[in-house]
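Notes follow once the structure below has been shown.
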Amino acid sequence: MTDVAQAHSENGPTIDIEGVTHCYKKNQPVLSEINLSLGAGFFGLLGANGAGKSTLMRIICTLLKPTEGSAKVCGFDVIKECHQVRQRIGYLPQEFGAWRLHRVEEVVDTLAALSGMNNKKERRARVAEVLEEVGLAEVADRKVKKLSGGMVRRLGVAQAMVHNPPVLVVDEPTVGLDPEERMRFRQVMTNLGRERTILCSTHIVADLGSGCSEIAIIDDGTLAFQGSPTKFLTNAVGSVFEIKVPTESATAIESKHEIVSRTFDGANVVFRVVGKSAGEFNTDASKVEEPTLEEAYLAFMAKRGKLEQADQTETVAEEPKKKKRRRKAKQD
Amino acid sequence: MLNIHTLWTLAVAEMRTCRRMIRTWVFIAVTFFVCIWGYWDIVDVIGWPGPPRYWLDQMTERYTISTTMNVFVAIFSIGMLFLMFDARIRDDRNRMSDVIDSLPASNIEILIGRLSGVLIFFLFFCLLFLGLLTGYEIVVERVGSRFHLGIPPISVLSFITWNLIPNLIFFGALVACLVSLVRFRILVAAIALGLIYGFNWIEDYIPIRFQESLSLFGGSAQVPSDLAPAFVSPAIIGNKCAILFVSIALLLFAACMFPRIDELQRKSTIFGIVASATAVFIFWGLITSVPGTEHRQEAWVIEHRQLDPSSFPDVQHLEGTIDLRPGRKITLDVTLSVHKPTLNTTDSVILSLNPGYKIQQLFVDGEETTAHSFNDGILKLPNDLLPDLSHDIRVRASGKLDDRFAYLDQEQDFQKFPNRAARQLGLRNHIFHRDYVALMPGLIWYPISGSVVDRDEPEFQKRDLFTSNLRINVPRNWQVATVGKREVDESQQRTSYQFESDAPVPEIALLASEFDQRATTVEGVEFEILFSNKHLQNLEALSPLTDLINQWVAERISNAHAASLIYPYKAFYVVEIPSNLRIYGGGWRMDTVLQPPGMMLIRESNFPTERFKEVVARERSYGWYSKDEQDERIFDYLLKYFRDDGHGGSPFVGFARNFVSHQVSATGRGATVLQYLLEQLSNQLTTKTDSYSIITLAEFGTSIASVDWSQTPEDDFNSWAFQTRAKLAAIPSTWKVINQTALFDLDFSTEPIPSHRTLLVKGRALARSMIDHYGADKIGSFLDQLVHDHRAHGFTVAEFMDVASDIGLDLNEWVISWLEDTALPGYITTTPSVSKLEEQSEDSNNYQTSFILHNAEPMAGLVRIFWEDRRGPEENEFRRGWPRGAYFDSGPLFLKGFQSKKIAISSVHPLGGIWIEPYLSHNRAVFEVLVPPAADSIVTEIPVVPIATDDDWQPPVTDVVIVDDLDPNFRIVKRTDESQVFSVSKTLDPPLYSGQEYDQGLLLSSGIRFGVWCRLYDSSYYGLYRRTAVPIVKGDQNSAARFVANLPYNGKWTLEIYLPKGAFSSIYYGGWQEFLGIVFDDNRFVSRTANPDVPEEHYRLTIKDGSAERNEKFDVANATEGWNEVRTFELSSTEVEVLLSAWAGHEEIMVFADAIRWTPVSDTAENEESSP
Ligand SMILES: Nc1ncnc2c1ncn2[C@@H]1O[C@H](COP(=O)(O)OP(=O)(O)OP(=O)(O)O)[C@@H](O)[C@H]1O
Ligand SMILES: [Mg+2]
C-alpha cells in the first residue's frame, strides 16, 4: 500500500521509456526508438499482431534487456535496478500457465508471498479477495491443470494484482474471456487505474473501455500514436463514414471499401467504412461524428494499410495455440 | 542478500510440486526398495559370527549405515537430479517462468529456495527411512531376533550429518549449476549421473590418509567405535566446510549463468570465486597437512637413525607412577635402572620418549640435573653423568602423547593405499579419550633406551628387556591392564593400581577404561577379561561354557607345563580395544600390536560385538544333541572363530609369545629367524596350533597372488586363514627366495615382504619338523633351558646351539642346515602296487597299497602321508568332489637325504587317494600319488606291517633323458615373420590380472588361456617334484615351447612326448571381460581335442641337432595318455633341441608342453624299429 501511495505522490512518470530499441535478430529491430512516458492511469497499448507490444512489456517487466535505450519504472532502471522494479510491478504475460500441479489459491498465495507479502494473515485475506474479484473464488481449490483457458487467464490477472503493485503490466488480459468477464475485467481495471499505472496491451480496442485514460499505438515497432482516447477519437472524425445500401449490393461495397463495421437494418446493411471524404463513395455516405474507439482504431490502421491485421473479432489465433499446447502435453 | 521468507516460500512451492509429481513417488519407492534390499542383504550375511568380512568394506556391520550407505546417498542424489534437472523447463512448459522472472526474488534466492525445497522433501524421506530402520532395529533387538544389524544411533547421526546432508546439498548444487549451464535436460541428466558415478568411483582411489579430508562420503565413523566414540575431527569439519563452499560456489555460478536479468550477477560471480577459492584453500590445507605430518615423521626418522647404538644404555628395571587424566594429560614419574653402555663411542647416553611430553625434572641417582636435552623425542644425557655401570634415571614429565610419533620406521604406509579395507586395521596409534586410554608401546609413552627406529632388527640392536613395577592412577571406577599382577588401592577419589612383574618384558602397553571385569584363576594364572559394559552379550551368552573354556585354557597352560614352560607374568588380561586403534606396528615386520606381554587385546569389532547368542540359540535348538554335546559344539565354533580371526586378536597368535619370546632376545646373525623360531616352537607347544596373524600375511603385501593351490584333505580345509597360508606357501616368488636365500641370510629390512614370507613358510615348517622329530618334551625343555640361561639377556646362534647340545639335542644333524642353507628335501614315489584279499570282509583290511617314498635330495625333512579309505564305488559316482571315505594319516615320517622308505597302507576298501604332505620340500605343495584302479595281485592274506619301513631303493640309473617344462633349459620361444628364427623373448607375457605370479618365467594360471603359454598345476601332469605343464590354446605358428636335452652320446635315440589327461579333454575357456566396471563372463571359446580324421590336426615338432633340422608331425588324436613315441632319430649331436609349435593345425586344438623323453636305441633293438 505504501508503494501505491508513493507512486501517487511522485510527480514523475511511473513508466518512462526513452529511445528503446530492441532487436531479437541483429539489425532487425522489433522496436525502434520508442519513447513513452506514463503516469497514473489506465493505459491501452494497441497494435497489430507482431507490432512489438509484448516485447515492450517484457522490457518494462525486466525480462528483456533492450538493445538500446533505457526504461524506468517508478524511477528505477529496469536493468540496473531490476530488483526495485520487480518489487513494484505486477505482470501478466501474454502466455500464462501457472504450475499445473498447484491449486489456484496456492499459486496466487505463493506469488503474493514472493512479491513481498510476508504477513500470512493479510495475504490470505487478500488472496481470497482477489480471487473473488476475478471470479475464481469457487475454483480456488482446483488444480491449475483442471482450469479452463479463461480461468487460467483470470488467474493470471489475479496473480498480477494480488500484491497491489503500483505498476500493473497486463499483456492481452482479455484473450479467451467471455463477454461477462470482459466487462468485469474492465470494471476492475478502471477501479485499479485510479490509483496506479496500468499498462494493458490489446488489439481489441473495445476492451479498454471507458476507464482508459490514454492509449498508445505501436506499429511496426514505432510509436504511431500516444494520447488520450478523446484525442484519438477526434482525429478519427472525418475518416469514418456510414453507408446504407440494400443487402444485394453489399458485396460490391465490401470489395471496394475498407469496412469498419456492418449492421443490418431490415433489408439494408449499414456499413461504416474508412475513407478520406464522403465524395469517394458512390452511394450516400455520411460522416460519422462520434466514431467508437474501435472504429477510430480501425480507421487509424486502415490509413496505414493494416486493416486486415487490426481485425477486432475475438478468434485470435486460437487454433495454432491449441495445437501447440497439445504437443507440449504429449511431452509431459 | 538472501530473504528467508522468499526462500521458504519457494521451498514450499517446490515441495508441493515434488509431492504432486508421480515420478517422485516412483523414485522414493524404488529407493526404499533398494535400500531395504541392501540392508537385508547385509543382515543376512552377518547373521553369524565368522572371520572378518573384508568385502563389506567396513569395520562392523553395525556401522554399515555410515559407510555402505553411500549407495543410499547416491540414489537420493540421483533422485534430486531427476527432480531438479528440468525445474526450469517445467516452468517454461507451465508458462510460469515469465511471472517468476519478474518477481523480486534474486537468481540465487530462486536457486537456493527451490533446491532447499527438493532437499527438505528428500531429507524428510531419508529421515523417515532411517527412522523406520532405527525403530525396526530397536524392536527387533528387544524381541531378540537376529535379523537386525544393531546400528548405534551415533552412526545414524554421523551418517546424516556428515554424509547425507552435505552430499545432497553438493549434488543439488551441482545439478543446479548444470541446469543453468546446459540447455538440454537429457544432457543435464547424463552429465549429472556421470558425475555421481564418477564421484563414487573416485572414492575408491583416495588413499586412506586423505580419505577423511577428501572423501565426499566420509564420516567421522570411518573407523567407528563404541568405546571411544568420535563424532567430529578437524579433518571432517574441514572437509565438510570445503564441500559446503564448493556447493555455494556452484550455486553462485549457477545464479550468474541463470538466463535472467539480475543485478546481483556481478556480485554472485565475485562471491562464487571467493567461495571456490575458500574451498580450494581448505582442501589445500587439508591435503598439505598430511604430507606435513609425514615430513615431520621423516625428520624424526632421520634424527633417530643418526644415533649410535653404542650410546644406548641397557634398561634393567622400570619403576614409578603414571597418573592418567583421560583426554587431558598424562603425568609420568618413573625411574629407570640402567646399565650404561659399555663400549660407548659417543659422549652421551640416549633414551627416547614421546615428544608430546614436557620433561619437568630429571634426576640421576637422586640428584636433579639440567644437563640433559630433549628434542625430537630423543633424551640425551651426557656420558659423564653416568660414571658407573648402574644408575637410576628418574624422569618427571607430563603432557599428551603425540600420536604421530609412532611406528616411524614402518616398512609400508598402508594409508598411502586406496584400499579401504586397510583402514579397518585402525587409524589411531593410541587412544587418549575421555572414556578410554590405550597407550601402546609404539608411542614410547615411557622412556626407553635407544632410538625408536629399527627396533625389530635384533641383528643390529639387541631387544632391551626389563622388569617393571608401576603404580597407575586413574579416575574412580576405572580398570587398568598392563603387564604383571595388580594390587588395588581405592583409598582416595581416584583409583590406584600397582603392577609388578619380575619376569622381563621387551615393552609395556597400558589400557584403561571403565571396563566390566571378570576374573578367574586357572592353573595359578589369573585371567581377567576386561570388556566394555556395552559389549557383554557374548560373555553372557557363552557363560554356560565357562567351565569348558577354563578347561581349554588350563589344557594350554598344562601343555606348556608339560613342555616345561611356565607362564611368567602371573596375570593375563584379555582387553577389549576400540576399533579405531591401529593394530599393526612398524619396522619391517609391521607385526600385530595386539599381543603385548601379559595381555591379549581384542578389537571391539571382533568378538565383543559378534553375535554368539545366535550360535548358542541355534545349537540349543538341536534337541538331538545332549546338553554337553551342544556345549562342545558351541565351543568348537568359538575356537574356529578365533582360529580364523583375521585381526590378530586371537589367543592362537600371541599367548605363547609370553612363554619364551618376550623373555629372551636373540642377537647377532640370524637373530630375527631364531626369535621367530622360538615363537613358533612355543606356540606349537602350548596352543598346538599355528600362530597366524593377518597383519603379517595378507596386509603386509598388498595382496596375495591367487594361485591354484592343491587341495588337501585337512579338516579345516575351508578355513580362511588356512587358505591364505597355503597360498602364501605356494607363491612362486616366495619359492624363489626360499631356493636362493638361506633363512639366516634373509635381508629383512631391504626385502621385507619376500623375506618375511619365506620366514613364515620355512620357519613354520622348521618348527613343526623340530617338534615332530625331536618330540615336544625335548623341545620344551630346550626352550626352558634357554629362558633360564639367557633370561633378560641376549643369546647368539652359538649359544643357542650350546643350550641345545647341553640337553642332548643335536641340532647340527639337520636343523642348522635348514637355517643356514637353501637345500630342501624333494620327494618322489614309485607307482603303488595294490594287493587285494581274496575273501573280503567289512571289518578287516582287505587291501594293501605299497610304494616307495624316496627323498631325492641331500637335505633331511619330514612328510606326512594321507589316504582315503573309500567306501565304495557306487557312492562316489553321485558325490564326486565330496569327501567320500574316511581319511587317515601316517604321522610324521623323517627322511634323511637320499633315504627311501617303503610305505604299506592297509585298508578296508580300495584307496580313494594317497597324498604326500611334505612339511617343506621342493614338491612345494601336497601331491597326490596316483593309485592304479585295479589290484595288481590277489592275495590270501594281508600282512600286518608298519606303515613305513626303511628301504634301500634308489632311483634307477639310466641313459634316458627327460626334459620337463620345469627344466631350467625349457623356454618359450617366438619368432617374428621377418627373422624366421625362434628366439627367447626378453619380455615376459604381461599378467592377465594384477598380482598374477610368474613361475620360472611363465605366467602361473589356473586355466588354459588364449594365445598365452601359462604354467598350470595338476597331479596328472608330468614332473619330478612338481607336476606342471605349459599348455596353450589358440596359439600360432610363431610361438613354440623349446625342450633342450644334453644327451650323453649321439646315435640313435627315440623321442617320446608326454601327454597328460588334460590333452584329451576339451575345455571351456572361461574368461571375463570388464566394461565400465561390470564384469562379463566370456565363454566364447571352446577348445577341443584333435580330430583323428583330419590329417592337419597334429602337433608340429621341429628337432634340431647340430645343423640338421627336421620337421615332424605328431598325431595327437591317436595318441594315448602318458608317454607317446614320436620317432627314432639318428642324432649327430649330443645337444638336441625339440620345438613344439603352439599351432596344431587348428586354433581350437590345445597344445600341451609337459615333458619329452629321449631313450637310446641299442643296436640289437634296431631291427624292431620300423620306419615308415
Ligand atoms: N523471442 C523472440 N525471438 C525472436 N523474435 C521474436 C521473439 N519474440 C517476438 N519476436 C518477434 O518480435 C516481433 C514483436 O513481437 P511481440 O510479441 O512483441 O508482438 P505483439 O505486439 O505482442 O504481438 P501479439 O499482438 O501477437 O501479441 C514479432 O515479429 C515477433 O515475431
Ligand atoms: Mg503480444
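Quick note on labels: first sequence line is chain A, next is B, and so on, each numbered from 1.
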- Contacting region of Q159(A) [heavy-atom separation from chain B under 4.5 Å]: side chain
- Hey, are D262(B) and K267(B) close enough for a salt bridge, meaning a charged N less than 4.0 Å from a carboxylate O? no
- Query: By salt bridge (charged side-chain N to carboxylate O under 4.0 Å, His left out), which residues pair with R260(B), not counting sequence neighbours?
  - Reply: D101(B)
- Message: Please classify the contact between L101(A) and chain B as side chain, backbone, both or neither, with a heavy-atom cut-off of under 4.5 Å.
- Response: both
- Query: Of the listed residues (A113(A), C82(A), P93(A)), which shares the most heavy-atom pairs with chain B below a 4.5 Å separation?
  - Reply: C82(A)
- Query: Considering heavy atoms only, which positions within residues 16-24 of chain A lie below 4.5 Å of chain B?
  - Reply: none
- Task: Under the salt bridge (charged side-chain N to carboxylate O under 4.0 Å, His left out) rule, collect the residues that match up with E263(B), sequence neighbours excluded.
- Result: none
- Item | Portion of K80(A) that has a non-hydrogen atom of chain B nearer than 4.5 angstrom | backbone
- Applying a strict 4.5 Å limit to non-hydrogen atoms, the region of L64(A) in contact with chain B is backbone
- ring pair (Phe, Tyr, Trp, His ring centres under 6.0 Å) partners of F32(B), counting only residues at least two apart: F129(B)
- Engaged part of I100(B) at the chain A interface, taking heavy atoms whose separation is under 4.5 Å: side chain
- Is the closest basic N to carboxylate O distance between E81(A) and R88(A) below 4.0 Å? no
- Is chain B contacted by the side chain of K143(A), its backbone, both, or neither, given a heavy-atom distance below 4.5 Å? side chain
- Message: Between D171(A) and K53(A) (salt bridge meaning N to carboxylate O under 4.0 Å), is one present in this structure?
- Response: no
- Query: Which bit of M57(A) is near chain B, if near means a heavy-atom gap under 4.5 Å: side chain, backbone, both or neither?
  - Reply: neither
